[in-house]
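Take a look at the structure set out below.
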Amino acid sequence: MKRIAVLTSGGDAPGMNAAIRAVVRKGIYDGLEVYGINYGYAGMVAGDFRRLTIDDVGDTISRGGTILYSARYPEFAKREGQLKGIEQLKKFGIDGLIVIGGDGSYRGGAALTKLGFPTVGIPGTIDNDIPGTDYTLGFDTAINTVLESVDKIRDTATSHIRTFVVEVMGRNAGDIALWTGIGSGAESIVIPEKEFTMEEVVAEIQEGRARGKKHTIIMLAEGVMSGNEFAEKLSKFDEFHTRVTVLGHVQRGGSPSAKDRVLGSIFGYNAVKMLEEGKGGICVGVKGDEVVFNDIIDTLENQKHLPLLSLYQINKEISF
Ligand code: ADP
């Protein structure tokens, strides 16, 4: 292994730069040449490669987003696109690839692996919805960002006796809603992994009101329904003075938290080691305090991500 490349793909996430930096520095430390590919798989197919030096990744560990930019490029799901990508990798003399992204990006990595090109995946998405790891890059920063906003919402909710529906990201996974629901003391958490009825939610609001609570926060994962739709359904029951906040893309931005910087560094370092050991088709992750290495194809085809559902019950019993 002489020359490796790294790209970021799909939704950007804080901590991606820490991972890129670790890949570049560890690679150079070990005597490798490291290339960055701009704009994910789109840039790979277009041949948008550049050699990265130690200085190129200086001053990036604290920056959100990704210095390699990202893109969505559905054409890469087709074999033709993948073969074009491999052609470019070969043209630039790349022996191994590191892909930082979510499960769509992993699918691209798995496809390259199946075609014989050594690829290692690093989980990078604020949604935390990748199997085979407890945490993905960006999740910790995102939940801290959400909490900062919800703390402010709580101030105004209390002043006016209002019910706030806070819609957070998570198309397929309730992790953000779950963690920020607990962290903000939300009265109700609504996530795709748990069935719920509006009657239950209404009962939770009324219970709090009966005890004299002045505010109600409902943390809603976007995958269940939109905040506005939820508020509309709620309005059929009672007059709760409901307001909706859709946090949107602020959740993706910002300087990465300590945890995301450390995770990014651990993931980047270990991804390079995997390629050096000749192990393609792997994705790195963490389970407890351990760094783990999973087969990328098995992870995609046979594993399922589940949030820490015990938090759901804990919240029910401490947030009434
Ligand atoms: P994320 O990686 O955050 O889940 P996407 O689902 O948008 O984001 O995927 C990112 C990119 O990965 C896509 O734009 C495409 O280039 C590539 N990709 C997604 N699905 C596949 C697939 N089935 N096979 C190959 N490449 C894929």
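Read the numbers this way: they start at 1 and go in the same order the structure lists the ligands and their atoms.
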Just to be sure I read this right, does ligand 1 sit under 4.0 Å from the backbone of Ala111, its side chain, both, or neither, counting only heavy atoms? neither
Top protein contact for atom 13 (C) of ligand 1, by heavy-atom distance: Tyr73 N, 3.8 Å
Lys287 and Asp134 ion-paired at < 4.0 Å: yes
Suppose we measure from atom 25 (C) of ligand 1 to each protein heavy atom; which comes out shortest, and what is that distance? Phe76 O, 3.2 Å
Within one Ile-Leu-Val-Met-Phe-Trp-Tyr cluster: Phe117 and Ile4, side-chain cutoff 4.5 Å: no
Per-atom filter on ligand 1: closer than 4.0 angstrom to a heavy atom of Gly102 are 1 (P), 2 (O), 3 (O), 4 (O)
Among protein heavy atoms, which sits nearest to atom 5 (P) of ligand 1, and what does the distance come to when rounded to 0.1 Å? Arg72 NH1, 3.5 Å
Donor-acceptor contacts under 3.5 Å from residues 311-318 side chains, at least two apart:
| from | atom 1 | to | atom 2 | distance (Å) |
| --- | --- | --- | --- | --- |
| Gln313 | NE2 | Glu317 | OE2 | 2.8 |
| Asn315 | OD1 | Ser319 | OG | 3.2 |
| Asn315 | ND2 | Ala186 | O | 3.1 |
| Lys316 | NZ | Glu204 | OE2 | 2.6 |

Can a salt bridge be assigned to the pair Glu301 and Lys114 using a cut-off of 4.0 Å between side-chain N and carboxylate O? yes
Taking all heavy atoms of Leu97 and all of Val99, pick out the closest pair and write down the distance. CD2-CG2, 3.7 Å
Are Phe49 and Phe92 close enough that their ring centres sit under 6.0 Å apart? yes
Are any of the N/O atoms on Gly104, whether in the backbone or the side chain, positioned under 3.5 angstrom from an N/O atom of ligand 1? yes
Number the atoms of ligand 1 from 1 as they appear, then name those within less than 4.0 Å of a heavy atom of Gly11, with their elements. 3 (O)
Could you tell me if any non-hydrogen atom of Thr125 lies under 4.0 Å from any atom of ligand 1? no
To the nearest 0.5 Å, what is the distance between CD on Gln82 and CG on Leu89? 12.0 Å
From the options Gly109, Ala77, Gly81, Gly10, select the one whose nearest heavy atom is closest to atom 24 (N) of ligand 1. Ala77
Atom indices of ligand 1, in the order listed, that fall short of 4.0 Å to a heavy atom of Gly108: 25 (C), 26 (N), 27 (C)
Protein heavy-atom partner closest to atom 22 (C) of ligand 1 - residue, atom, separation in Å: Arg107 CB, 3.4 Å
Please state which part of Tyr41 comes within less than 4.0 Å of ligand 1, counting heavy atoms only: side chain, backbone, both or neither. side chain
Electrostatic pair Lys78:Glu80 at N-O distance under 4.0 angstrom: no
Nearest heavy-atom pair of Gly264 and Ala22: which atoms, and what distance? O-CB, 4.1 Å
Tell me which protein heavy atom sits closest to atom 2 (O) of ligand 1, plus the residue, atom name and distance to 0.1 Å. Ser105 OG, 2.5 Å
Decide whether an N or O pair under 3.5 Å exists between Gly101 and ligand 1. no
Please state whether Ser9 comes within less than 4.0 angstrom of ligand 1, counting heavy atoms only. yes
Regarding Lys84 and Glu75, does a basic nitrogen lie under 4.0 Å from an acidic carboxylate oxygen? no
